[in-house]
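Worksheet for the structure shown next.
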Amino acid sequence: MVVICVKPLYIGLVNFLVESTQLIDLNYRGRFALSPTGPLHFGSLVAAVGSYLDAKYHHGKWLVRIEDVDSQREVPGAASGILYMLERLGMEWDEEVVYQSQRSEAYFEALNILCKQGLIYPCTCSRKEISDSSIMGLNGRIYPGTCLKNPASVKKIHALRIQTNNDLIQFKDILNGTFSQRLKTDVGDFVLRRADGIYAYQLAVVVDDAAQHITHVVRGADLLESTPRQIFLQRLLDYPIPQYLHLPVVMDAKGEKLSKQTNAMPVNSLDTLTQLVDALHFLGQKPPVEILEGDVVSFWQWAQQNWRVNLIAH
Ligand code: GLU
Ligand code: ZN
């Protein structure tokens with residue numbers, strides 16, 4: 001192990017090596033962005049643990065955001081239940097929790113900036129019209145651009161879409177390597193505000209990651225294919241582009257992503273340590289068996305010091 005001596009000259013720098021494997025990055029700001037559609041389950045626990053450990057390993061900050069833009073999908077009490085569970089699990093967030101339901105003004109402003117760039121257009125197509133006239137893309141149907149070719153009346157209830165292009169959008173995921181997409185052909189023009197006035201996840205997440213100065217996004221790999229859309233928006237809005245680390249997704253016995261929709265078992269508040277250890281194993285980490293003899297505090301001590309991204313399966 002090479003120990004690099006930190007000379008006073010370097011103390012003002014934010015990044016410095018304490019040992020060969022650990023990079024301290026005091027600027028690191030990570031987050032766990034949860035949808036309050038039900039209780040915390042093992043899949044979301046893995047995302048919480050992964051984002052928390054990566055932030056704490058770097059001596060950075062870990063923030064929590066409640067992604068409750070879509071009030072129809074929200075389950076009353078789910079947000080506070082998840083926050084309570086995170087506390088029980090010994091995961092402390094560093095700044096006040098941000099609720100997307102209170103951030104509409106910020107989303108409106110961002111939409112306005114994109115509008116001034118001439119990239120937003122109204123769309124009055126129904127789901128049926130789109131499914132009859134489009135092909136499947138990487139992430140749902142590729143909107144065929146009907147309302148771009150024949151502008152829709154804004155007097156009718158309409159969604160707002162952004163015009164995409166075929167530039168190659170490429171980024172290097174910390175775990176999965178280079179990932180690229182051409183939005184127009186792979187995804188199509190996507191919705192930023194739905195016809196019911198609800199802002200789309202793709203816009204809200206980008207605005208909030210920028211507002212919270214997030215430098216590292218650690219989340220499930222089901223969102224890998226959303227990342228080029230987010231980078232596209234970040235570039236247009238002149239936001240910094242965070243680093244991305246997409247964790248493997250937890251599947252159930254049927255091979256489906258564990259989610260509240262598939263009735264995944266909630267994390268049990270009576271046996272937090274075992275579930276934390278299970279999450280750590282899922283993330284490829286190799287805690288000693290004695291970790292189960294300790295408590296949540298000793299768990300986090302070991303996990304933070306020994307976090308190794310290169311052990312995660314990908
Ligand atoms: N709220 C999203 C979810 O629960 C996560 C979004 C993100 O991490 O960017 O799937
Ligand atoms: Zn349309």
Side-chain angles (χ1 to χ4, degrees), residues 30-48 50-52 54-55 62-70 73-75 78-79 82 86 97-101 103 120-134 139 141-154 156-163 173 188-195 199-210 212 214 216-231 233-234 242-247 249-250 257-262 264:
R31 58 25 165 220
F32 174 51
L34 62 98
S35 305
T37 48
L40 192 74
H41 57 77
F42 187 67
S44 38
L45 175 66
V46 164
S51 59
Y52 184 79
D54 204 55
W62 184 70
L63 314 184
V64 171
R65 180 161 78 227
I66 311 280
E67 303 210 316
D68 57 352
V69 265
D70 188 350
R73 285 186 60 222
E74 189 174 349
V75 171
I82 294 174
L86 292 175
V97 173
V98 167
Y99 289 81
Q100 287 195 326
S101 53
R103 304 262 309 134
I120 304 296
Y121 64 93
C123 170
T124 51
C125 297
S126 66
R127 220 171 264 181
K128 168 124 187 24
E129 278 167 331
I130 296 173
S131 68
D132 288 350
S133 60
S134 63
N139 218 219
R141 299 216 155 249
I142 299 179
Y143 180 66
T146 322
C147 296
L148 181 65
K149 288 168 219 145
N150 300 304
S153 162
V154 284
K156 284 198 201 155
I157 289 183
H158 58 271
L160 292 173
R161 286 185 186 269
I162 185 155
Q163 207 178 325
D173 184 89
D189 294 354
F190 54 99
V191 170
L192 295 187
R193 199 177 70 190
R194 297 184 344 203
Y199 290 95
Y201 156 70
Q202 306 293 355
L203 179 68
V205 76
V206 156
V207 172
D208 289 340
D209 282 340
Q212 294 187 284
I214 298 301
H216 291 71
V217 171
V218 179
R219 61 185 177 191
D222 52 315
L223 291 164
L224 194 57
E225 281 168 355
S226 284
T227 310
R229 263 169 282 178
Q230 294 172 17
I231 293 176
L233 295 176
Q234 285 154 355
Q243 303 263 342
Y244 288 95
L245 195 176
H246 288 88
L247 304 169
V249 171
V250 184
K257 182 195 159 203
L258 219 60
S259 70
K260 291 141 203 164
Q261 288 71 33
T262 57

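Quantities reported herein were computed from a predicted structural model and do not represent experimental measurements. One is the number of the first residue; the rest follow in order along the sequence. Each ligand, and each atom within it, is numbered from 1 in the order the structure gives.
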Check: Asp189 side chain, Arg161 main-chain N or O, donor-acceptor pair, under 3.5 Å | no
Any N or O of Asp222 closer than 3.5 Å to N or O of ligand 1 = no
Enter the distance from Tyr244:OH to Leu224:CG here, rounded to the nearest 0.5 Å.
-> 11.0 Å
among protein heavy atoms, the one nearest atom 5 (C) of ligand 1 is Ala33 O, 3.3 Å
Output the list of atoms in ligand 1 that are nearer than 4.0 Å to some heavy atom of Tyr201, sorted by atom number.
-> 6 (C), 7 (C), 9 (O)
Between Arg65 and Gln212: side-chain donor-acceptor atoms closer than 3.5 Å = yes
Below 2.8 Å, any N, O or S contact between Cys147 and the Zn ion (ligand 2)?
-> yes
Minimal heavy-atom distance between Pro144 and Ser134, with the atoms involved, is CD-CB, 3.9 Å
Nearest heavy-atom approach of Pro242 to Ile214 is CB-O, 3.6 Å
Of all the heavy atoms in Arg65, does at least one lie under 4.0 Å from an atom in ligand 1?
-> no
Could you tell me the angle subtended at the Zn ion (ligand 2) by OH of Tyr143 and SG of Cys125, rounded to 10°?
-> 100°
Heavy-atom nearest pair, Phe32 first then Ser51, reads CB-OG, 3.8 Å
For Thr227 and Leu223, which heavy atoms make the closest approach, and how far apart are they?
-> OG1-O, 3.1 Å
Any idea which part of Leu223 is under 4.0 Å from ligand 1, heavy-atom wise: side chain, backbone, both or neither?
-> side chain
Of all the atoms in ligand 1, which lie at a distance below 4.0 Å from a heavy atom belonging to Ser35?
-> 1 (N), 2 (C), 3 (C), 4 (O)
Nearest candidate to atom 6 (C) of ligand 1, where distance is taken over non-hydrogen atoms, out of Arg219, Arg31, Glu67 | Glu67
Answer yes or no: does an N/O atom from Val205 fall short of 3.5 Å to an N/O atom of ligand 1?
-> no
